[in-house]
Amino acid sequence: MSTPPGPAPAPELFTWEFASDPYPAYAWLREHAPVHRTTLPSGVEAWLVTRYADARQALADQRLSKNPAHHDESPHAKGKTGIPGERKAELMTHLLNIDPPDHTRLRRLVSKAFTPRRVAEFAPRVQELTDRLIDSFAEKGSADLIHEFAFPLPIYAICDLLGVPPEDQDDFRDWAGMMIRHGGGPRGGVARSVKKMRGYLAELIHRKREESGEDLISGLIKASDHGEHLTENEAAAMAFIILFAGFETTVNLIGNGVYQLLRHPGQRERLQGSIAAGETGLLETGVEELLRFDGPVEMATWRYATRALTIGGQEIPAGDPVLVVLAAANRDPERFTGPDVLDLARRDNQHLGYGHGIHYCLGAPLARLEGQTALATLLTRLPDLRLAVDPDELRWRGGLIMRGLRTLPVEFTPSVPPQ
């Protein structure tokens, strides 16, 4: 008699093969080790939470702190768990690194300057930026959609929103480009870019105090609650994290979204037909499905156990880092029917792409607006858009938190920009 096959061996994590398609490895973890302790590429040990129900619980569990001070490791190890350079640049006091009551106070103040009305009023500007960028390559018949479109669109949009003058926005683009290379640039380049951005923001905040406007930084300076104001360090840290968290997620939402539409021609044609008919419903559910299926944020940002607790039956010691794997939770068959199928019309779609609980992404409405505008305009203006290389030739950026392509070469029938 033959011996029945045993379980598949544990997958290797954080290789280039894993970066290209992490979903089979996450399926194995969900089934065999849903709360899994691993050594990260930085050498830090952390727990990965991969099932939807456990992920939702962990994201809302206040015993899991966002403050790196709760990491039970040496100061050197603590420095490996955030954004490179933010500690030295005094940019730590932002919403991704603090807990209530400070988090409650800062989020309430920032929300006053980051309202849905402000985002809605920004829609024409996002459309204008989108058209201008497509105009810049429409006549060529080819483009790298990451570098020529998905990357500059949110950078310029957030610069406009923050109130960065047009003549300074290319500097912001250069600093931001260095920050998302994740090891692809010169050693120490990320920290240097963060330091330059910190110096610039300090100067800009000082100017805005003298001559306030209607932009977000002016709003941050003016925001108050019961007489409380943001300090200059808090205002700089908040502007920094709005830029840092806001632009890379949108780069990846657009890049991953276009890539998956090109890999699923039936879904793409259905969406094009809906947009051509002037409908918005499929575009709205479609962006939510793209966020679930291959979202821009692979893992939620760092959390630290303030005391021993249990997640998914697994004991987590006090001081240990916990990473909630949103990409794994969003494909959990216990929560989603046909989780590995892209269905742009999916209705029951409470994905965790923008988190859950008090740390739910403040900029989600802006990212959705940019994603919907970008996809609708690309599919309308470049209707025969197609990949210019074999999918196996594409490379994904290294890094722990975000998931995005380095490049996305495409071809299409050249068109003359409308006059």
Side-chain angles (χ1 to χ4, degrees), residues 19 83-84 122 125-138 140 142-162 164 166 168-186 189-190 192-194 196-197 200 240-262 287 290-291 294-298 361 363 366-379 381-382 385 387-389 394-399 401-412:
I83 300 167
F122 203 55
R125 179 59 177 153
V126 172
Q127 184 65 63
E128 180 187 336
L129 287 168
T130 300
D131 282 318
R132 191 180 79 195
L133 289 167
I134 295 176
D135 289 348
S136 70
F137 57 75
K140 290 193 303 177
S142 64
D144 174 358
L145 278 190
I146 300 298
H147 292 281
E148 296 179 67
F149 184 68
F151 175 73
L153 174 60
I155 280 291
Y156 291 137
I158 291 176
C159 280
D160 279 358
L161 199 68
L162 288 172
V164 176
D168 296 341
Q169 292 187 5
D170 284 338
D171 286 338
F172 254 71
R173 181 176 173 167
D174 291 345
W175 298 331
M178 183 61 69
M179 285 160 61
I180 71 168
R181 287 184 187 173
H182 300 310
V190 177
R192 281 196 298 275
S193 293
V194 170
K196 288 177 183 176
M197 193 171 285
Y200 177 83
F240 167 73
I241 204 60
I242 287 167
L243 175 80
F244 187 87
F247 89 87
E248 189 173 3
T249 52
T250 308
V251 174
N252 296 347
L253 168 58
I254 296 170
N256 298 5
V258 171
Y259 173 66
Q260 292 301 341
L261 289 175
L262 297 181
V287 166
L290 292 167
L291 283 163
D294 197 14
V297 184
E298 190 161 343
C361 177
L366 177 60
R368 287 186 167 103
L369 168 66
E370 291 174 331
Q372 291 175 17
T373 304
L375 293 178
T377 310
L378 278 173
L379 293 177
R381 293 192 52 185
L382 309 175
L385 191 69
L387 278 174
V389 297
L394 295 173
R395 292 293 173 264
W396 297 79
R397 284 197 297 273
I401 303 299
M402 301 291 185
R403 172 166 170 77
L405 288 160
R406 290 178 180 269
T407 61
L408 184 56
V410 294
E411 296 172 333
F412 46 87

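Residues: numbered from 1 along the sequence shown. As the structure is a prediction and not an experimental result, all values here were calculated from the model.
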What distance do [X] atom [atom1] and [Y] atom [atom2] have between them, rounded to the nearest 0.5 Å?
| X | Y | atom1 | atom2 | result |
| --- | --- | --- | --- | --- |
| L153 | L133 | CG | CG | 6.0 Å |
| T130 | I254 | OG1 | CD1 | 7.0 Å |
| L369 | F122 | CG | CZ | 8.5 Å |
| F172 | F247 | CZ | CZ | 10.5 Å |
| L378 | I134 | CG | CD1 | 4.5 Å |
| E148 | T407 | CD | OG1 | 11.0 Å |

Might you point out which heavy atoms bring [X] and [Y] nearest each other, and give the distance in Å?
| X | Y | answer |
| --- | --- | --- |
| V258 | L375 | CG2-CD2, 3.5 Å |
| G371 | V287 | C-CG2, 4.3 Å |
| G255 | A150 | N-CB, 4.2 Å |
| F412 | F137 | CZ-O, 3.6 Å |

Among all residues two or more places apart in sequence or in another chain, which pass the side-chain contact (heavy atoms from CB on, under 4.5 Å) test with [X]?
| X | value |
| --- | --- |
| A376 | I275, L283 |
| D135 | R381, P417, P418 |
| R173 | F151, P152, I155, Y156 |

>> Tell me every residue that passes ring pair (Phe, Tyr, Trp, His ring centres under 6.0 Å) with Y259, counting only those two or more places apart in sequence or in another chain.
In response: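 Checked Y259 against ring pair (Phe, Tyr, Trp, His ring centres under 6.0 Å); matches are W396.
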
What residues, two or more places apart in sequence or in another chain, satisfy side chain to side chain donor-acceptor pair (under 3.5 Å) together with [X]?
| X | value |
| --- | --- |
| T250 | E370 |
| R403 | D294 |
| T373 | none |
| Q169 | D160 |

> Do the side-chain N and O atoms of D171 and Y200 include a donor-acceptor pair separated by under 3.5 angstrom?
Replying inline: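 Y200 and D171 do not have a side-chain donor-acceptor pair below 3.5 Å.
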
State, with a plain yes or no, whether a side-chain heavy atom of [X] is found less than 4.5 Å away from one of [Y].
| X | Y | result |
| --- | --- | --- |
| L262 | V410 | yes |
| V251 | P154 | yes |
| Q127 | R132 | no |
| R368 | L253 | no |

> Does any pair with a residue in residues 150-159 pass salt bridge (Lys or Arg N to Asp or Glu O under 4.0 Å), and if so which ones, sequence neighbours excluded?
Replying inline: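 Residue pairs with at least one partner in residues 150-159: there are none.
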
> Given the rule in the side chain to side chain contact (heavy atoms under 4.5 Å, CB included) test, do L382 and T377 qualify, once you have shown the distances and angles that lead to the verdict?
Replying inline: CA-CA 8 Å; L382 309 175; T377 310; over 6 Å; no

>> Salt bridge or not between K140 and E411? Use side-chain N to carboxylate O under 4.0 Å.
In response: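 Judged by the 4.0 Å cut-off on N to carboxylate O distance, K140 and E411 do not form a salt bridge.
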
>> As a quick check of understanding, evaluate side chain to side chain contact (heavy atoms under 4.5 Å, CB included) for L405 and L145, giving each step before the final call.
In response: CA-CA 10 Å; L405 288 160; L145 278 190; over 6 Å; no

> If only atom types and distance count, is the side chain of Q260 paired as donor or acceptor with the main-chain N or O of N256 below 3.5 Å?
Replying inline: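 Not at all, since once roles are kept as given, no pair shorter than 3.5 Å links the two residues.
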
>> Between R406 and R395 (side chain of the first, backbone of the second, donor and acceptor by atom type, cut-off under 3.5 Å), is there such a pair?
In response: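 No, because the side chain of R406 does not come within donor-acceptor range (under 3.5 Å) of the backbone of R395.
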
>> Let's go through V164 and I158 carefully: what are the C-alpha distance in whole Å and the side-chain angles of both, what is the deciding distance for side chain to side chain contact (heavy atoms under 4.5 Å, CB included) to 0.1 Å, and is it a yes or a no?
In response: CA-CA 9 Å; V164 176; I158 291 176; over 6 Å; no

